[in-house]
J.: 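This is the structure I have questions about; it appears just below.
Just so it is clear, the values below take in all heavy atoms, side chains as well, and ignore hydrogens, waters and symmetry mates. Every chain is numbered from 1 and lettered A, B, ... according to where its sequence line falls, protein lines coming before strand lines. Please read all numbers here as calculations on a predicted model, not as lab measurements.
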Amino acid sequence: MPISLTTDFGLDDVYAGVMKGVILSINPEAQIIDLTHGIQPQHIEQAAFILHANYQFFPEGTIHVVVVDPGVGSERAVLGVKTSDYLFVAPDNGVLKYIFEAHPQAEIYKLNNSRYWLQPTSQTFHGRDIFAPVAAHLSRGVELSHVGKVFPGFERGQIDHPEKESRQITGRILFFDRFGNGITNIQRSQILGSKVQIHVKELTVTGIQNIYADVKPGAGLAYIGSSQTLEIAVGHGNARDTFNLKAGDPVVVLLDS
Amino acid sequence: MPISLTTDFGLDDVYAGVMKGVILSINPEAQIIDLTHGIQPQHIEQAAFILHANYQFFPEGTIHVVVVDPGVGSERAVLGVKTSDYLFVAPDNGVLKYIFEAHPQAEIYKLNNSRYWLQPTSQTFHGRDIFAPVAAHLSRGVELSHVGKVFPGFERGQIDHPEKESRQITGRILFFDRFGNGITNIQRSQILGSKVQIHVKELTVTGIQNIYADVKPGAGLAYIGSSQTLEIAVGHGNARDTFNLKAGDPVVVLLDS
Amino acid sequence: MPISLTTDFGLDDVYAGVMKGVILSINPEAQIIDLTHGIQPQHIEQAAFILHANYQFFPEGTIHVVVVDPGVGSERAVLGVKTSDYLFVAPDNGVLKYIFEAHPQAEIYKLNNSRYWLQPTSQTFHGRDIFAPVAAHLSRGVELSHVGKVFPGFERGQIDHPEKESRQITGRILFFDRFGNGITNIQRSQILGSKVQIHVKELTVTGIQNIYADVKPGAGLAYIGSSQTLEIAVGHGNARDTFNLKAGDPVVVLLDS
């Protein structure tokens with residue numbers, strides 16, 4: 001089964017590379033795919049969103065490994081989560097919150113059997129010493145129940161869904177991409193087919209643009225991103241800086257269909 | 001058959017990663033190689049040059065996928081091109097112009113059979129929804145004639161060949177690499193064995209240097225790049241900025257053998 | 001057998017990608033793993049350290065290819081080195097010095113049989129033309145003795161071990177990572193279990209911190225990196241710039257157990 005990797009390690013260092021070495025040492029047949037190593041450092045919300053938007057494009061049975069882990073070295077658990085089609089291995093910090101929501105029947109384990117870890121196990125690099133070897137053993141068919149135990153006490157995480165009342169949807173900016181575009185929690189399906197007006201702080205945008213439309217430099221812009229949610233941008237610029245936006249800022253959409 | 005990927009997506013985002021997920025979902029045996037995801041955004045000329053300089057280093061039968069596609073979401077076609085040794089999948093925007101020139105017998109198809117696309121097909125991410133699945137099906141042996149139809153109306157692209165008269169060759173700067181070195185369209189074979197003097201704007205360079213030769217900081221420098229064409233650089237600096245160069249600037253080589 | 005790649009090519013260019021194309025052209029079954037392409041340009045010391053800290057996490061039999069090669073195009077040899085568990089292919093510039101030290105019985109060859117190189121062989125891109133094809137042939141089982149000849153005259157390299165006298169260890173900063181943290185040659189095992197005071201230039205640090213501990217912005221910090229050596233950092237800052245450190249600066253550890 002393939003193993004996908006999603007981390008905040010970047011590619012300037014060896015962290016991603018040595019995880020692959022460990023995986024192949026345990027399962028020489030493993031097929032490893034980098035989803036991305038470009039998650040912003042310790043940005044759990046971004047990782048959660050991106051994983052959820054993309055995991056289903058991978059082959060059934062893929063083991064999705066997420067290492068965005070500010071709590072490395074603490075007592076936080078490492079989770080193994082089994083849905084009908086996929087396995088997930090991730091720290092117990094809410095990074096799988098959208099997966100839990102979408103798959104309420106998922107089986108959730110705490111992967112605490114150190115027999116499947118590298119020894120000695122460092123305090124600082126669990127990607128190499130826990131996540132990689134555990135994923136490799138799972139890809140060989142080892143059962144989650146051997147690698148850990150059922151774990152009802154996992155952190156479910158907070159999902160911030162937009163509120164809808166009458167013709168108004170109030171969502172939030174979840175995070176910014178590296179261009180300063182604000183990714184919101186408002187789904188395409190919630191605004192589809194309506195004429196809309198969008199308010200974020202002092203910015204007002206009318207209508208949903210095609211992402212590649214010509215807009216005036218400096219003008220605000222709203223479009224549907226490839227993850228099917230509303231995004232806030234600025235023509236030839238950085239929306240976060242231009243409009244002084246922050247993650248968590250409310251985004252109000254007025255529908256007028 | 002291997003699939004190579006050449007895009008301007010960079011590696012900070014998931015675009016390249018999710019394309020691989022899609023490919024492996026369709027062909028679990030696919031062998032995927034990143035040629036580069038570092039093409040400058042929407043830089044068709046750079047992608048065309050780099051593809052042409054490198055495609056032949058891959059195994060026969062490799063499917064070279066290029067996603068440098070300013071026209072995504074418009075009506076531009078997606079091409080499938082078959083030469084004697086390789087397949088190419090790319091937008092119909094001239095990015096294959098050197099391939100067409102080198103392989104006048106190539107079979108050229110418009111890959112418009114949406115049965116081989118992901119459904120629903122987004123307007124913004126054809127890499128995931130068209131290029132990846134089409135390449136995956138081709139790598140399983142599906143014929144181009146099933147994925148599309150012969151397409152005589154493709155965009156052949158403009159190739160800017162140097163002009164030669166008597167002892168003078170006049171070429172151009174095609175693009176700059178990330179260090180500000182100017183890559184020209186003048187072939188090594190055109191100047192080999194001659195003493196040369198090179199003029200670009202106010203810059204005059206005498207002789208072809210070894211790329212790693214010691215040159216004075218700030219001094220102009222000409223050498224043969226690993227793609228076997230003449231490149232213009234500056235010692236410990238950025239030639240584009242130092243000499244105020246632009247893509248398209250004429251490069252005159254005086255031969256004196 | 002897997003092939004790992006460690007280079008200073010970065011990922012913005014095609015250099016790493018085309019090496020993979022060459023390898024797969026020769027051995028279609030090759031399994032290629034990027035350890036990293038993020039070595040600082042021509043930084044032999046960093047590459048040597050990183051290779052040594054990580055090579056043993058790869059499957060037995062892995063062919064570790066290192067292309068950090070300021071001498072490309074000169075007469076420096078390309079080495080093939082066989083230890084009990086691994087093969088190494090690297091330029092003869094000391095980048096394998098820690099491997100030589102750890103494996104005094106290693107067999108060392110000069111890989112000068114150009115039959116295994118790409119032809120024509122460029123002067124500037126031996127990664128593509130020598131390292132990649134040689135590694136590919138070795139991964140198919142070709143013996144080192146066919147690819148080259150025993151080479152006693154290799155460059156052994158200089159290893160800078162810390163000096164220990166009584167309760168004082170004097171090591172050095174070997175290099176800086178991209179965050180400006182100073183990686184030293186002082187091993188975790190040399191200071192384990194002692195109370196320590198550390199001096200680097202004007203900086204004095206008491207005790208070894210957990211890397212993720214809260215430290216005051218701007219305050220000096222010493223911790224054990226994931227390669228099990230002492231590292232010097234600064235809270236929320238760049239230690240190299242803050243304390244004006246240079247590679248080679250002495251690091252004095254006073255032990256008081």
J.: Counting only heavy atoms from other residues, nucleotides and ligands, does the tally under 6.0 Å from CD of C/Gln105 exceed 12?
T.: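 No.
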J.: Tell me, side chain or backbone of C/Leu11 under 4.5 Å from chain A's heavy atoms, or both, or neither?
T.: side chain
J.: Go through the atoms of C/Gln31 and report whether side chain, backbone, both or neither lie under 4.5 Å from a heavy atom of chain A.
T.: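 The side chain, not the backbone.
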J.: Using 0.5 Å steps for rounding, measure from the CG atom of C/Asp34 to the NZ atom of A/Lys20.
T.: 6.0 Å
J.: Are the charged groups of C/Arg178 and A/Asp13 less than 4.0 angstrom apart, N to O?
T.: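 Salt bridge present between C/Arg178 and A/Asp13.
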J.: How about OH on C/Tyr15, more than 12 heavy atoms from neighbouring residues, nucleotides or ligands closer than 6.0 Å, or not?
T.: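 At most 12 heavy atoms, drawn from other residues, nucleotides or ligands, come within 6.0 Å of this atom.
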J.: Does NZ in A/Lys201 sit with more than 12 non-hydrogen atoms of other residues, nucleotides or ligands closer than 6.0 Å?
T.: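 Yes, NZ of A/Lys201 has more than 12 neighbouring heavy atoms, counting only those of other groups under 6.0 Å.
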J.: For chain A, find its close neighbours in residues 51-63 of chain C: heavy-atom separation under 4.5 Å, sorted by number, or none.
T.: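 Those residues of residues 51-63 of chain C which have a heavy atom under 4.5 Å from chain A are C/Asn54, C/Phe57, C/Phe58, C/Pro59.
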J.: Can you tell me if C/Lys97 has over 12 outside heavy atoms packed within less than 6.0 Å of its NZ?
T.: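 Yes, NZ of C/Lys97 has more than 12 neighbouring heavy atoms, counting only those of other groups under 6.0 Å.
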J.: Can you tell which part of A/Leu118 gets under 4.5 Å to a heavy atom of chain C, answering side chain, backbone, both or neither?
T.: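 Interface part for A/Leu118: side chain.
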J.: Provide the closest heavy-atom pair for C/Thr36 versus A/Asp12 in the form atom of the first, atom of the second, distance.
T.: OG1-O, 3.4 Å
J.: The criterion is side-chain hydrogen bond (donor to acceptor under 3.5 Å, both in side chains); which residues satisfy it with A/Gln228, sequence neighbours excluded?
T.: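 Once residues adjacent in sequence are excluded, A/Gln228 has no partner under the side-chain hydrogen bond (donor to acceptor under 3.5 Å, both in side chains) criterion.
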